[in-house]
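Notes follow once the structure below has been shown.
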Amino acid sequence: MIELDNVTFLYNNSTTPVLSGLTLSIKAGEMVLVHGPSGCGKSTLCMLLNGIIPNLIHGELTGEIRIGGRPIRGKETRQLATEVGMVFQNPDNQLFAITVEEDVAFGPENLGLSRSEIHRRVDEALCSTGLKSVSSRQIHHLSGGQKQRTAIAGLCAMKPGILVLDEPTADLDPGGTRDVIHLLDRLHREEGKTIVIVEHKIREILPFVDRVITLDNGRLASDLPRETTDPTALWPGYPPRSSSRCPLPGVILDLHDIHYRYPDGTFALAGISLAVRRGECIAIIGENGSGKTTLSRIIKGLLEPTKGSVTLYDPVTGFIIPKRSGRIGYLFQNPDHQIVSDRVDREIAIGLEGFLPEDIKRKTCAALTHVDLLKYKDRDPCSLSRGERQRLAVASVLVTEPDVIICDEPTTGQDYDHLLALMEYLETIRCQGKTIMIITHDHELAYHYADRVITLHMGMYIKEEVCMQCS
Amino acid sequence: MLFEYQEQGTIIHRLDPRTKTIWLAVVLVISILLRDPVLLVTLFCISLMPLLLIRIPRHTLIVLGILYLMVAAGAILSQALFYRPSNGSLLTFVWLVPPDVPVMGALTGGILISVEGALYGFIQVFRILAVINTSAMLVLSTPLNRLIVGLREMGMPGTMAFMLTTAVRFVPVLMEEYQTILSALRARNIVSLWHPVRMAEQSLSPLIINVIRRCNQLALAAESRAFDLDKPRTAVTTLAFNRADTGCFLLMGVIVLFFAIGSARSAGFLA
């Protein structure tokens with residue numbers, strides 16, 4: 001049983017409490033989804049339950065939190081580990097050992113259990129998470145879903161009654177997401193674990209939970225059983241598209257018989273041909289390893305195809321552009337991989353080398369205004385939220401005025417409002433004649449925003465669907 | 001990764017990591033102490049044997065070969081250029097780049113190398129390569145987890161072993177991340193080989209920031225899994241010496257004795 005009684009928490013160096021007077025209780029054996037917009041206090045709630053807050057992340061905490069009827073105030077996180085297990089978003093940031101088996105043993109080893117007991121628990125946890133067959137595998141050879149299941153197995157081996165998961169599937173593909181959710185469902189049904197999960201993939205998780213708690217601005221907005229929860233209230237879907245969003249005539253990008261083979265000889269792509277029109281939005285979908293990212297990197301010019309060619313045409317004159325790289329913008333999945341400056345405005349200006357200073361200033365201001373970051377122009381990008389950093393990355397790509405923009409997994413870790421804002425922004429620039437290519441696992445997003453959806457499977461082009469009839 | 005453990009099941013693979021670590025220490029000490037060129041070549045040949053026994057994949061062998069050539073070239077050239085005997089004996093100099101060679105000759109006024117220095121460098125190569133052979137054998141034939149357990153059982157503190165394991169575990173993760181950052185820089189056309197300092201700054205800044213973020217999350221995850229609890233920690237992986245290890249220790253003793261006698265002879269202590 002988890003009980004929060006009038007809990008308020010204020011982070012150090014902050015003036016607004018992230019949780020305000022939160023009172024709720026979760027019964028033993030319940031599976032609860034915690035939902036709400038970014039910044040509403042979901043992660044703070046998770047970290048309060050296992051004592052990370054206020055023991056390791058400090059701030060002002062009032063009210064009382066009880067686990068199993070006992071207050072947890074004064075208990076350290078490591079002491080709570082046998083009662084509450086915590087799974088974080090990025091599986092890579094919570095696994096310590098080199099092999100799966102060793103990582104699962106890490107917690108029981110810390111508890112100082114006997115060797116025979118550790119072996120028994122590790123075996124049990126590996127069986128219950130379906131990882132027995134990969135127990136001796138090195139962790140860096142696992143898929144994202146397997147890594148996250150290893151993290152869960154590591155917690156199961158410590159036998160906590162409660163599992164708290166903060167966006168455990170955010171970095172996973174649909175297969176990995178399905179595996180993790182089914183595992184949680186099994187742990188909940190068969191082993192009676194109490195599960196508290198923060199998740200943006202509402203459609204996937206909703207059928208398995210008992211209750212949905214919605215937070216808003218640090219307060220309890222609603223607390224409803226699943227049966228009475230309206231799924232559309234949690235995930236309203238994408239807004240309707242206007243008919244004016246049609247591609248313009250004329251091919252801008254032509255891919256002819258693209259093949260790519262990795263240095264070790266395995267094929268990543270085989271015979272991909274595609275003609276993309278100006279102002280068109282194309283989505284490329286497919287499971288992990290299907291060649292989506294390899295194809296997009298070939299289009300950008302980051303990889304050279306083993307065979308075949310990519311041709312970019314000037315949207316105005318129709319002539320072939322010999323050096324296409326500068327005319328194609330590429331938005332990486334993780335904005336932190338492409339942000340290099342220590343100031344927001346410098347981050348934009350870095351791509352404008354060669355322009356006159358006044359032009360740089362004007363273009364930087366315009367780009368930051370577009371993504372609503374002008375007010376932060378003097379700030380260090382590290383101090384921005386993930387959504388803001390993603391918008392900064394978008395602005396830094398768009399300021400160079402590319403003809404084609406490739407977005408690799410724009411939905412990762414984004415809540416509904418931020419995702420919608422990003423997609424609406426991409427729609428706006430598409431209406432201005434830019435071509436958009438989206439690499440995604442989110443089929444709903446692909447079929448909603450794209451004019452054509454291309455499905456890749458094991459490096460081959462298997463399906464093309466036209467989603468919108470254009471006149 | 002290239003110098004990663006390769007599962008082969010040879011006798012060397014089955015040895016306790018501590019035996020192989022002690023063998024590395026023995027080779028290191030002998031290679032430092034030996035002066036006699038013949039003995040150094042012998043040490044190199046002995047150190048090569050376990051490496052040949054572990055059946056290295058072809059591509060690793062090619063890389064090792066290239067590494068050997070680079071080490072040899074570097075050692076010979078540097079000694080040929082800078083060798084100065086401590087007893088002040090005369091050296092024989094030859095032109096590496098005569099002054100009349102266009103550009104290089106004119107710029108440098110000619111480059112002289114000493115024959116004795118080149119020979120001295122050639123002998124040093126065997127000293128270095130003996131250590132490389134043994135290190136490569138250790139890394140290629142020992143799973144990292146067992147290697148770290150071995151170090152821990154040889155007295156390395158538990159927290160340091162944990163740090164080492166975590167660091168090793170994150171090498172491929174960080175390498176992948178660095179490649180992605182470089183791709184992102186190339187995608188924005190802000191990578192310039194003509195500005196190496198700026199390029200290093202732009203590629204390392206995001207890497208360092210991400211590493212700091214990652215470390216912070218790792219610390220939280222470690223605490224959440226009861227790391228550093230006020231109880232003695234159990235080590236589930238343990239090591240045990242077997243008969244092959246005993247044989248190896250005996251062999252090591254013989255080898256040490258052989259080099260001790262050989263060195264004493266070459267120094268004139270034994271007839």
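In what follows, chains carry the letters A, B, and so on, assigned in the order in which the sequence lines appear, proteins first and then strands, with residues in each chain numbered from 1.
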Contact winner vs chain B - [options], heavy-atom pairs under 4.5 Å:
| options | answer |
| --- | --- |
| A:Leu303, A:Asn93, A:Val397 | A:Asn93 |
| A:Ile339, A:Leu113, A:Asn55 | A:Leu113 |
| A:Gly85, A:Pro381, A:Ala81, A:Ala157 | A:Ala81 |
| A:Met47, A:Glu76, A:Glu102, A:Glu353 | A:Glu102 |
| A:Val87, A:Leu95, A:Asn334 | A:Leu95 |
| A:Gly351, A:Ala105, A:Ala97 | A:Ala97 |

Residue [X] versus chain A: region with a heavy atom under 4.5 Å:
| X | answer |
| --- | --- |
| B:Leu182 | neither |
| B:Thr238 | side chain |
| B:Ser205 | side chain |
| B:Ile209 | side chain |
| B:Asn216 | neither |
| B:Ala219 | neither |
| B:Val173 | side chain |
| B:Tyr178 | neither |

Indicate the atoms forming the closest heavy-atom contact of [X] with [Y], along with that distance.
| X | Y | result |
| --- | --- | --- |
| B:Ala187 | A:Tyr330 | CB-CB, 4.0 Å |
| B:Thr234 | A:Arg115 | CG2-CG, 3.9 Å |
| A:Asn90 | B:Gln217 | CB-OE1, 4.5 Å |

Does any backbone or side-chain atom of [X] lie under 4.5 Å from a heavy atom of chain B? Answer side chain, backbone, both or neither.
| X | result |
| --- | --- |
| A:Ile57 | side chain |
| A:Phe106 | both |
| A:Thr400 | neither |
| A:Ile118 | side chain |

Within a radius of less than 6.0 Å around [atom1] of [X], do more than 12 heavy atoms belonging to other residues, nucleotides or ligands occur?
| X | atom1 | result |
| --- | --- | --- |
| B:Met160 | CE | no |
| B:Leu61 | CG | yes |
| A:Glu117 | CD | yes |

Leading residue by heavy atom contact count with chain A [cutoff under 4.5 Å; candidates [options]]:
| options | value |
| --- | --- |
| B:Asp230, B:Thr166, B:Leu185, B:Leu220 | B:Leu220 |
| B:Cys215, B:Pro143, B:Ser183 | B:Ser183 |
| B:Pro206, B:Ser203, B:Pro232 | B:Pro206 |

Drop me the distance from [X]'s [atom1] to [Y]'s [atom2], to the nearest 0.5 angstrom.
| X | Y | atom1 | atom2 | value |
| --- | --- | --- | --- | --- |
| B:Arg233 | A:Leu111 | CZ | CG | 10.0 Å |
| B:Lys231 | A:Arg78 | NZ | CZ | 13.0 Å |
| A:Asp92 | B:Leu174 | CG | CG | 9.5 Å |
| A:Asp336 | B:Arg214 | CG | CZ | 10.5 Å |

Residue pair [X] / [Y], side-chain heavy-atom distance below 4.5 Å:
| X | Y | value |
| --- | --- | --- |
| B:Ser224 | A:Ile52 | yes |
| B:Glu223 | A:Leu56 | yes |
| B:Glu177 | A:His337 | yes |

Check your understanding: Under 4.0 Å between a Lys/Arg side-chain N and an Asp/Glu carboxylate O for A:Glu347 and B:Arg188?
Key ->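 Looking at B:Arg188 together with A:Glu347, the answer is yes, because their closest N to O distance falls below 4.0 Å.
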
Check your understanding: So, B:Arg225 and A:Asp103, do they make that salt bridge, N to O below 4.0 Å?
Key ->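 A salt bridge links B:Arg225 with A:Asp103.
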
Exercise for review: Determine, step by step, whether A:Ile98 and B:Ile148 satisfy the side chain to side chain contact (heavy atoms under 4.5 Å, CB included) criterion, reporting the C-alpha distance in whole Å, the side-chain angles of both residues, the deciding distance to 0.1 Å, and the verdict.
Suggested key: CA-CA 10 Å; A:Ile98 290 157; B:Ile148 291 163; 4.2 Å; yes

**Study point:** Parallel, tilted or perpendicular, as decided by the 30° and 60° cut-offs, for the rings of A:Phe96 and B:Phe162
**Key:**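 Aromatic pair B:Phe162/A:Phe96 classed tilted.
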
